2 protein chains.
Amino acid sequence: MTRNSAKILTYSQDCNECPIRHRAVCARCESDELEMLEQFKYYRSFEAGQTVVWAGDKMDFVASVVTGIATLSQTMEDGRRQMVGLLLPSDFVGRPGRETSAYDVTAATDLVMCCFRKKPFEEMMLRTPHIGQRLLEMTLDELDAAREWMLLLGRKTAREKIASLVCIIARRDASLQLKASDGELRFDLPLTREAMSEYLGLTLETVSRQMSALRKEGLIVTEGKRQIIIPDFDRLLEETGDDSDGGFLV
Amino acid sequence: MTRNSAKILTYSQDCNECPIRHRAVCARCESDELEMLEQFKYYRSFEAGQTVVWAGDKMDFVASVVTGIATLSQTMEDGRRQMVGLLLPSDFVGRPGRETSAYDVTAATDLVMCCFRKKPFEEMMLRTPHIGQRLLEMTLDELDAAREWMLLLGRKTAREKIASLVCIIARRDASLQLKASDGELRFDLPLTREAMSEYLGLTLETVSRQMSALRKEGLIVTEGKRQIIIPDFDRLLEETGDDSDGGFLV
DNA sequence: ATCAGCTATTGATCTACATCAAGGCGCGAA
DNA sequence: TTCGCGCCTTGATGTAGATCAATAGCTGAT
């Protein structure tokens, strides 16, 4: 079993409504710790485009994405923006021990997050080593993802960037289940061209052009607004520049 | 006190010969845990240019840099390379729970690392929550650094990239102590043009040209091979594109 | 003293992507 | 039905940085 399939499996088992995805690992949890989590949990909803917190603002909670997509971005004084995190369901936001957000957190689609007040969460971390361990694992995964992303930003061509992004979403998207029998992959690409360009370090025009190019060559098929079909995943993978076995970008 | 100065302070207090920099935090440690660390510790030296491990190779230890500089890089099939980690003294290498290296680890200068066999280290992590907590903190710092780096790779101009790199090294370099009385900063930039280009996602020619440009404008002064003087740190900072207060890239 | 092998610099040219600009499509509001 | 507004596409042009190429300094070996 490859690392990728293992990863996909892991995600499908995760619990989106717990900052440490506890369902997947709670065999080791004591039930009263979970009670603690339940007790301090609350939900917040955002519409597509809304900002959850601005960089520098107070952020007195940690959270995990339940449904929808959130992004982390940095902005330069003159307005240049770079996305630095793409949060899908079950992903974690917020840094224990830091009281302000270092990034703009934005709802890329309609979004539901499951939040925990930071204070009790940190106390529980101290009492329950398992939670810290889980968080460490998740953070290490994120760091690996960030480093794969750095390779993309620093060295890939626009075409490779687009192909990579489509493959990344395809792999992570839960509705991956929508895989048709003949090996074609059908799923939602719920990002605007602008969001894609912020992810990839390109302009939205370049994103649009390269999407068109991949479409003309039959590497991807678009259906309606944002439904994407990948007729042959391996063929698209070849356009990413990654070596065939690698690309374990979470 | 700004975040930056706080960070510098932290580093200067760190212990380079312990994977969790324990001197800085060992007030909370039990002494027999430290004994454990001592017991499984060994040193390895490398010459500049030598490879510590290749991506994909077995890596049965974790380590911290004692002296010198190590880099983490990814390589694409056709040889394009991107640096994804720059490890200065006291920085940690290796991922607990992973038996192969995900990156090429290379000695950028002559290098001494303090290594711990992975197995006993992991056992100790289980027994000593404090170590995991420390590792989590360090990993979160690395993740922040990676995200700052992503902004650099995705959105900064070549000039801004160079200025940023020089500032980053200046801030982190221990020999920061070499700060002269009139506010000028003198330190070693122990990276070849090629290493700089791999860090920045540029070619080495572009690095060379931009270094020359900054030199001609008096923003930096070079002395001998790799000694650098920054006559006015704040003026150089303005060239990085970062907002004046931010830029806490570890 | 000479040479081979690095590393760095600088120039000439090319090109991938950015920038500027003009429509087009779909959708909700009036 | 029409208008306005987001979002996307496509074309024309500009440019930052890549690529190709020549040379120079430095170091250590013969």
Side-chain angles (χ1 to χ4, degrees), chain A residues 47-50 76 78-82 106-110 152-166 188-217 220 222-228 239 241, chain B residues 47-50 76 78-82 107-110 152-166 188-217 220-228 239 241:
Chain A
E47 284 174 26
Q50 267 192 296
M76 294 171 68
D78 61 3
R80 281 175 282 174
R81 276 172 71 86
Q82 176 64 51
T106 312
T109 63
D110 288 348
L152 177 148
L153 290 172
R155 295 302 182 190
K156 288 190 179 179
T157 64
R159 181 187 174 89
E160 288 168 341
K161 285 177 174 183
I162 298 285
S164 299
L165 177 55
V166 173
D188 239 44
L189 180 56
L191 297 178
T192 64
R193 297 287 180 256
E194 187 178 31
M196 292 174 70
S197 74
E198 285 180 10
Y199 185 110
L200 299 170
L202 297 171
T203 59
L204 69 97
E205 293 95 326
T206 298
V207 171
S208 185
R209 272 185 252 273
Q210 296 293 339
M211 287 291 285
S212 300
L214 292 181
R215 201 184 308 123
K216 271 172 203 143
E217 297 172 37
I220 60 176
T222 53
E223 195 163 275
K225 199 69 177 170
R226 282 175 191 168
Q227 181 98 179
I228 288 203
E239 301 296 329
Chain B
E47 285 173 26
Q50 269 192 296
M76 295 172 68
D78 61 3
R80 280 175 282 174
R81 276 172 72 85
Q82 175 64 51
T109 63
D110 289 346
L152 177 148
L153 290 171
R155 295 302 183 191
K156 289 190 179 178
T157 65
R159 181 187 174 87
E160 287 167 341
K161 286 177 174 182
I162 299 284
S164 299
L165 177 56
V166 173
D188 239 44
L189 179 56
L191 297 177
T192 64
R193 297 286 181 255
E194 187 177 32
M196 292 175 69
S197 74
E198 286 179 9
Y199 186 111
L200 299 170
L202 298 170
T203 60
L204 68 95
E205 292 95 327
T206 299
V207 171
S208 186
R209 271 185 253 274
Q210 297 293 340
M211 287 291 285
S212 299
L214 292 181
R215 200 184 309 124
K216 271 171 203 143
E217 297 173 36
I220 60 175
V221 180
T222 53
E223 194 162 277
K225 201 67 177 172
R226 281 173 191 167
Q227 180 100 178
I228 288 203
E239 301 297 327

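Everything numeric here is computed off the predicted structure, so don't read it as measured data. Proteins get letters first, then strands, A, B, ... in listed order; numbering begins at 1 in each.
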Quiz prompt | Partner set under side-chain hydrogen bond (donor to acceptor under 3.5 Å, both in side chains) for Ser212(A), not counting sequence neighbours | solution = none
Quiz prompt | Touch class at under 4.0 angstrom, heavy-atom based, for Ser208(B) against every strand present | solution = base
Quiz item: Between Leu202(A) and Val207(B), which is nearer to the 5' end of DNA chain C once each is assigned its nearest nucleotide?
Solution: Val207(B)
Exercise. Round to the nearest Å and state the distance from Glu194(B) atom CD to dC6(C) atom C1'.
Key: 11 Å
Practice problem: Provide, to the nearest angstrom, the distance between the CD1 atom belonging to Ile220(A) and the P atom belonging to dC8(D). | Solution: 13 Å
Practice problem: Under 4.0 Å from any atom of DNA chain D, heavy atoms only: list the residues of residues 153-162 of chain B that qualify, in numerical order. | Solution: Thr157(B), Ala158(B)
Practice problem: Just call it for Gly49(B): base, sugar-phosphate, or nothing, with non-hydrogen atoms closer than 4.0 Å on any strand. | Solution: nothing
Exercise. Quick one: list whatever passes side-chain contact (heavy atoms from CB on, under 4.5 Å) with Thr206(B), sequence neighbours left out.
Key: Ala158(B), Leu202(B), Thr203(B), Gln210(B)
Self-check item: Residue list, side-chain contact (heavy atoms from CB on, under 4.5 Å) with Arg209(B), at least two apart or on another chain
Solution: Glu205(B)
Practice problem: Identify the heavy atoms of Gly49(A) and Thr106(A) that sit nearest to each other, and give their distance. | Solution: O-CG2, 4.0 Å
Quiz prompt | Gln210(A) side chain, from C-beta outward: closest of dA8(C), dT9(D), dC17(C) | solution = dC17(C)
Quiz item: Rounded to whole angstrom units, what separation is found between the CE atom of Met196(B) and the P atom of dG17(D)?
Solution: 15 Å
Self-check item: Lys216(B) side chain, from C-beta outward: closest of dT9(C), dT10(C), dT9(D)
Solution: dT10(C)
Quiz item: Does any pair with a residue in residues 152-162 of chain B pass salt bridge (Lys or Arg N to Asp or Glu O under 4.0 Å), and if so which ones, sequence neighbours excluded?
Solution: Arg80(A)-Glu160(B), Lys156(B)-Asp242(B), Arg159(B)-Glu217(B), Arg159(B)-Glu239(B)
Quiz prompt | Atom-to-atom span, CG of Leu204(A) to P of dA18(C) - whole angstrom | solution = 10 Å
Quiz item: Whole-Å distance between dG28(D) C1' and Glu47(B) CD?
Solution: 14 Å
Practice problem: Give Arg80(B) one of three labels, base, sugar-phosphate or nothing, depending on what nucleic acid heavy atoms sit under 4.0 Å from its own. | Solution: nothing
Practice problem: Just jot down the side-chain hydrogen bond (donor to acceptor under 3.5 Å, both in side chains) partners of Glu47(A), sequence neighbours excluded, or say none. | Solution: none
Collect all protein-nucleotide pairs involving nucleotides 19-28 of chain C in which both atoms are nitrogen or oxygen and the distance is under 3.5 Å.
from	atom 1	to	atom 2	distance (Å)
dT19(C)	O4	Arg209(A)	NH2	2.9
dC20(C)	N4	Glu205(A)	OE2	3.2

Quiz item: Who pairs with Thr192(A) by side-chain contact (heavy atoms from CB on, under 4.5 Å), at least two apart in sequence or on another chain?
Solution: Glu194(A), Ala195(A), Arg226(A)
Quiz prompt | Approximate separation, where rounding is to 0.5 Å, of Tyr199(A) OH and Ile162(A) CD1 | solution = 11.5 Å
Quiz item: Among dG17(D), dC8(D), dT9(D), which nucleotide sits nearest the side chain of Ser212(A)?
Solution: dT9(D)
Quiz item: Starting at CD of Gln82(B) and ending at P of dA18(D), how long is that distance when rounded to a whole Å?
Solution: 12 Å
Quiz prompt | salt bridge (Lys or Arg N to Asp or Glu O under 4.0 Å) pairs, two or more places apart, involving residues 195-204 of chain A | solution = Arg81(A)-Glu198(A)
